[in-house]
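Reading through the structure tokens given below for one structure.
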Number of protein chains: 2
Amino acid sequence: MDEETLLYELVAEYLQQKNFSKLRELMANEYPADLAQLFTEFQEKDVLLLYRLLPKELASDTFSYMDSDMQENLINGFSDKELREVLDQTFIDDTVDMIEEMPANVVNRILRNCDPQSRNAINQILKYPEDSAGTLMTIEYVNLSKELTVSEAISRIRKVGPNKETIYTCYVTEARKLIGIVSVKDLLIANDDELISDIMETNLIFVNSHEDREVVAHQFQKYDILALPVVDAEERLVGIITFDDAMDVIQEENTEDFSKMAAMTPSDDSYFKTGVFAQVKNRIFWLLVLMLTSAITGIIINQFEKTIEAIPILVSFMPMLTGTGGNCSSQSSALIIRGLALDEIKTGDVLKVLWKEFRIALVISTILASVNGLRILIFYQNPILALVLTISIVATVILSKLIGGLLPIAAKKIHLDPAVMAGPLVTTIVDTCATLLYFVIAIQFFDI
Amino acid sequence: MDEETLLYELVAEYLQQKNFSKLRELMANEYPADLAQLFTEFQEKDVLLLYRLLPKELASDTFSYMDSDMQENLINGFSDKELREVLDQTFIDDTVDMIEEMPANVVNRILRNCDPQSRNAINQILKYPEDSAGTLMTIEYVNLSKELTVSEAISRIRKVGPNKETIYTCYVTEARKLIGIVSVKDLLIANDDELISDIMETNLIFVNSHEDREVVAHQFQKYDILALPVVDAEERLVGIITFDDAMDVIQEENTEDFSKMAAMTPSDDSYFKTGVFAQVKNRIFWLLVLMLTSAITGIIINQFEKTIEAIPILVSFMPMLTGTGGNCSSQSSALIIRGLALDEIKTGDVLKVLWKEFRIALVISTILASVNGLRILIFYQNPILALVLTISIVATVILSKLIGGLLPIAAKKIHLDPAVMAGPLVTTIVDTCATLLYFVIAIQFFDI
């Protein structure tokens with residue numbers, strides 16, 4: 001058994017025995033993240049009981065690692081006093097995350113039990129547009145004034161530090177405007193009597209509170225920073241975003257891309273937490289659009305009914321041809337979408353991409369067409385059929401790679417999300433084109 | 001023009017005027033990451049010239065943000081003295097990253113110009129298996145002994161800090177074994193005369209040097225840590241991994257999944273840096289496998305030649321049917337692969353997943369089959385054809401969602417990468433199954 005399972009077994013055992021002192025002792029040494037995960041294995045009423053056995057600080061830390069359903073259940077079981085204790089220990093950004101997922105009555109109870117200053121801050125943050133930098137930030141940062149000496153600054157950090165989410169980057173403000181940053185490393189290395197204004201970094205990386213969270217993630221990745229200051233339109237410091245939230249954004253953005261690339265509307269919740277009908281809602285739109293689009297391929301096939309009646313064997317190569325075309329375009333579009341997301345490819349690179357895809361397609365189609373041509377010559381002994389398929393594969397592969405390379409860039413150019421131009425959509429488009437190409441090529445060679 | 005373009009224009013202008021003092025002044029205020037990006041716009045000889053105009057510290061910081069091609073070009077232009085200066089300022093993990101991408105002669109020159117201690121460390125790190133925690137780590141951490149007082153520890157950090165990659169987490173060791181960690185925040189909050197042994201955290205999160213880098217990424221995401229200690233088999237501290245490298249690992253792992261899910265061998269390099277033949281090599285294997293697999297669908301179609309001759313209209317619905325099946329399975333497999341990657345779905349959940357996919361498929365197939373049935377009744381006025389397609393769609397959608405849900409979990413169970421069981425592969429399998437189902441259903445209803 002792994003450590004996780006062992007812990008679960010032991011806690012379940014003591015819980016049944018109602019051996020609370022053992023439970024208290026056992027859980028006090030665990031990490032908040034591990035406890036939050038452990039609790040998912042227990043029933044609601046047991047979670048409340050276990051939670052109440054935790055030392056106060058560990059309890060509130062564990063609380064911030066829970067998913068919103070468990071938080072809601074706990075809050076419903078909490079007395080107002082317990083709720084206040086948790087909220088006092090929770091950083092503003094975590095409280096905001098929590099509130100965004102809760103029903104109105106729970107939100108009201110949370111806001112009623114916050115201290116007035118936090119309540120104001122939370123209400124401000126809730127007003128920022130969805131997925132903006134403002135919604136990710138916290139107001140618990142250390143600010144310094146530029147007139148302080150290094151030793152005064154260190155004293156200030158020692159005093160206010162315990163309640164701040166990060167102390168390692170401190171922000172120098174003047175009339176609320178951000179004018180510099182100082183890291184604790186800089187402070188420790190500097191002499192005690194140097195002035196903050198002399199050691200602060202004034203070439204600043206910051207983000208506007210209305211900027212999209214993608215920009216936030218990008219700044220963290222580019223500059224390897226621990227925290228990013230958030231400013232308003234007048235460049236006044238309104239909060240900071242810490243690296244752990246940036247990491248979450250990176251993963252959520254990736255999850256969104258995975259969903260979109262498989263022709264789904266992204267869901268904020270995990271697989272099991274998204275109900276059957278929510279899943280249907282996320283999946284049905286593209287399935288309907290693509291199903292109706294593929295009817296066009298059916299119409300094309302109808303136009304060639306005579307050809308099919310004359311040479312029925314043609315039909316049996318259709319899946320191979322459209323399948324290969326679909327796979328080729330999926331490969332190209334996936335690479336281009338990822339390259340665009342990581343900023344390695346710009347929309348201006350479109351001709352460079354098409355030229356590269358064209359050369360790749362030439363090599364690939366030569367290999368695929370040769371293998372396939374050989375197979376047909378051996379099994380069907382029909383050179384004309386082999387020739388038709390060879391030409392069709394070359395044409396299909398080139399077309400597919402170009403479509404797969406072009407569409408994501410075109411989408412970005414007109415401010416659509418490139419991730420939509422992935423596998424399912426390009427495959428459907430390529431299906432239609434490949435089928436048309438195939439029959440047009442076939443009637444050139446067969447005497448019908 | 002944006003800031004980036006403006007900077008480029010100005011630098012290009014001054015470079016042409018050979019106005020080196022202006023260039024020096026201009027670049028001295030930029031961030032290393034921005035300079036590294038700026039340099040990609042210039043030719044090799046100009047980069048060396050621009051680089052030499054940077055103040056020493058900024059130069060070596062910029063160097064560590066460059067891609068390996070640019071680093072190699074610079075090293076080839078460097079004197080041994082210049083190379084030594086850069087290496088002195090570069091952290092071991094960045095030097096290792098660099099060495100891993102260089103040709104042997106450059107590697108030899110780098111090692112020859114390192115100080116003996118760094119050379120030893122680099123050679124040790126290079127021995128770790130590919131993609132292991134050992135290859136990500138650096139040895140520039142702060143270690144403390146448990147007998148120190150807080151003020152002694154702070155003095156030590158002030159002394160050794162400038163040369164360490166992070167000072168914010170310090171590691172307490174005893175006979176080289178890791179026995180605790182202390183954060184600078186803890187130190188600043190504690191009283192000056194407290195002992196490290198009294199304030200250190202002894203419940204440790206660490207990773208073995210041979211562990212896969214995926215585990216590293218997972219630990220960072222779960223525990224929101226700034227640095228992760230790396231230990232050897234005897235639990236001796238051998239290095240630390242910092243959060244910025246963990247972020248890079250997360251992005252690289254995601255990129256790998258995107259590639260695999262589009263049926264490609266992942267590439268370490270970006271799109272443009274991977275040459276045409278390397279791209280072909282990454283793409284051709286799955287294209288060949290899938291092309292030959294789809295020949296099975298062709299064989300099935302051949303078996304039903306009589307049916308097709310009798311009712312040729314059947315053929316025109318094949319693309320719609322296989323397309324819908326492919327899209328349904330792509331959706332399911334993408335969600336399951338992502339859920340497995342984020343640890344939200346375990347292999348033990350297989351029945352729960354299949355039951356959920358089955359219910360989703362029931363709802364989705366009802367909607368799709370109704371829309372399609374109606375379309376056929378209106379345009380073709382053929383109730384039997386409508387019935388055959390209705391049943392075929394329901395059967396195909398259910399089968400596709402089950403295959404898409406099952407295969408990634410099955411892959412994980414037998415220790416294959418679930419990401420391979422995505423769009424292209426499941427689509428090809430579903431194509432074959434859907435075609436067989438369709439004709440079997442059709443011959444039940446049509447009198448052939």
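So that the names make sense, note that chain A is the first sequence line, chain B the second, and so on, each numbered from 1.
In this structure, chain B has no heavy atom under 4.5 Å from any part of A/D245. With a 4.5 angstrom heavy-atom cutoff, A/Y65 touches chain B only via side-chain atoms. Heavy-atom distances place both the backbone and the side chain of A/Q251 under 4.5 Å from chain B. The parts of A/L368 that come within reach of chain B are both its backbone and its side chain, each placing non-hydrogen atoms under 4.5 angstrom from that chain. Contacts between A/T322 and chain B at a heavy-atom distance below 4.5 Å are absent for every atom of the residue. In this structure, chain B has heavy atoms under 4.5 Å from both the backbone and the side chain of A/V353. Contact annotation for A/Q303: neither backbone nor side-chain heavy atoms come within less than 4.5 Å of a heavy atom of chain B. Contact annotation for A/L362: neither backbone nor side-chain heavy atoms come within less than 4.5 Å of a heavy atom of chain B. For a residue to count as touching a neighbouring chain, one of its non-hydrogen atoms must lie under 4.5 Å from one of that chain's; by this rule B/A361 does not touch chain A. Heavy-atom distances place no part of A/A341 under 4.5 Å from chain B, backbone and side chain included. B/E201 touches chain A through its side chain: at least one heavy atom from C-beta onward sits under 4.5 Å away, while N, CA, C and O do not. Of the two parts of B/I337, neither the backbone nor the side chain holds a non-hydrogen atom closer than 4.5 Å to a non-hydrogen atom of chain A. Interface residue A/I360: backbone and side-chain heavy atoms are both found under 4.5 Å from chain B. In this structure, no portion of A/I376 lies under 4.5 Å from any heavy atom of chain B. For a residue to count as touching a neighbouring chain, one of its non-hydrogen atoms must lie under 4.5 Å from one of that chain's; by this rule A/I364 touches chain B with backbone and side chain alike. Residue A/E305 touches chain B through its side chain alone, counting heavy-atom pairs closer than 4.5 Å. Only the side chain of A/R338 comes within contact range of chain B, with at least one heavy atom under 4.5 Å from a heavy atom of that chain.
Residue with the most contacts toward chain B among A/N29, A/T255, A/T297: A/T255 (heavy-atom pairs, distance under 4.5 Å). The candidate with the highest count of non-hydrogen atom pairs below 4.5 Å against chain B, out of A/N203, A/D244, A/I308, A/I299, is A/N203. The most heavy-atom pairs under 4.5 Å with chain B, out of A/D248, A/I296, A/I336, A/T242, come from A/I336. The most heavy-atom pairs under 4.5 Å with chain B, out of A/I313, A/I300, A/L226, A/D349, come from A/L226. Between chain B and the options A/I157, A/D431, A/T432, A/I367, heavy-atom pairs under 4.5 Å are most frequent for A/I367. Chain A forms more heavy-atom pairs under 4.5 Å with one residue of B/R158, B/M318, B/R359 than with any other, namely B/R158. Between chain A and the options B/I154, B/T428, B/I225, the largest number of non-hydrogen pairs under 4.5 Å is found for B/I225. Ranked by heavy-atom pairs shorter than 4.5 Å toward chain A, the options B/P319, B/A295, B/A334, B/A246 are led by B/P319. Highest contact tally toward chain A, considering only B/I393, B/D192, B/T202, is held by B/D192 [criterion: heavy-atom pairs under 4.5 Å]. In terms of heavy-atom pairs under 4.5 angstrom with chain B, the leader among A/M291, A/E344, A/Q37 is A/M291.
Side-chain atoms of B/K185 do not come within 3.5 Å of backbone N or O of A/T166 as any donor-acceptor pair. Using a distance-only test at 3.5 Å, with no hydrogens or angles considered, a donor-acceptor pair links the side chain of B/S333 to the main chain of B/S330.
Side chains of A/D61 and A/Y31: a donor-acceptor N/O pair is absent below 3.5 angstrom, by distance only. Side-chain contact of B/S183 with B/D186: a donor-acceptor pair under 3.5 Å is present, judged by distance alone.
Looking only at side-chain heavy atoms (C-beta outward), A/D257 and B/N254 stay at 4.5 Å or farther from each other. Side-chain contact between B/K222 and B/I205 is absent, with no heavy atoms from C-beta onward closer than 4.5 Å. In this structure, the side chains of B/D67 and B/K273 come closer than 4.5 Å at one or more pairs of heavy atoms. Within the 4.5 Å cutoff, no side-chain heavy atoms of A/F304 are placed close to those of A/T435. No side-chain heavy atom of B/M247 sits less than 4.5 Å from a side-chain heavy atom of A/D224. Side chains of B/Y168 and A/V184 form a contact here, defined as non-hydrogen atoms less than 4.5 Å apart.
In this pair, B/F258 and A/F258 present their aromatic rings parallel. The plane angle is below 30°, not in the 30 to 60° band.
To the nearest 0.5 Å, atoms CG (A/L335) and CD (A/E357) are separated by 7.0 Å.
Heavy-atom contacts from other residues, nucleotides or ligands closer than 6.0 Å to NZ of B/K159 number 12 or fewer.
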B/L292/A/R375 under side-chain contact (heavy atoms from CB on, under 4.5 Å): CA gap, chis, key distance, verdict:
CA-CA 10 Å; B/L292 295 174; A/R375 182 174 76 91; 4.2 Å; yes
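B/Y380 has its ring centre less than 6.0 Å from the ring centre of B/F317.
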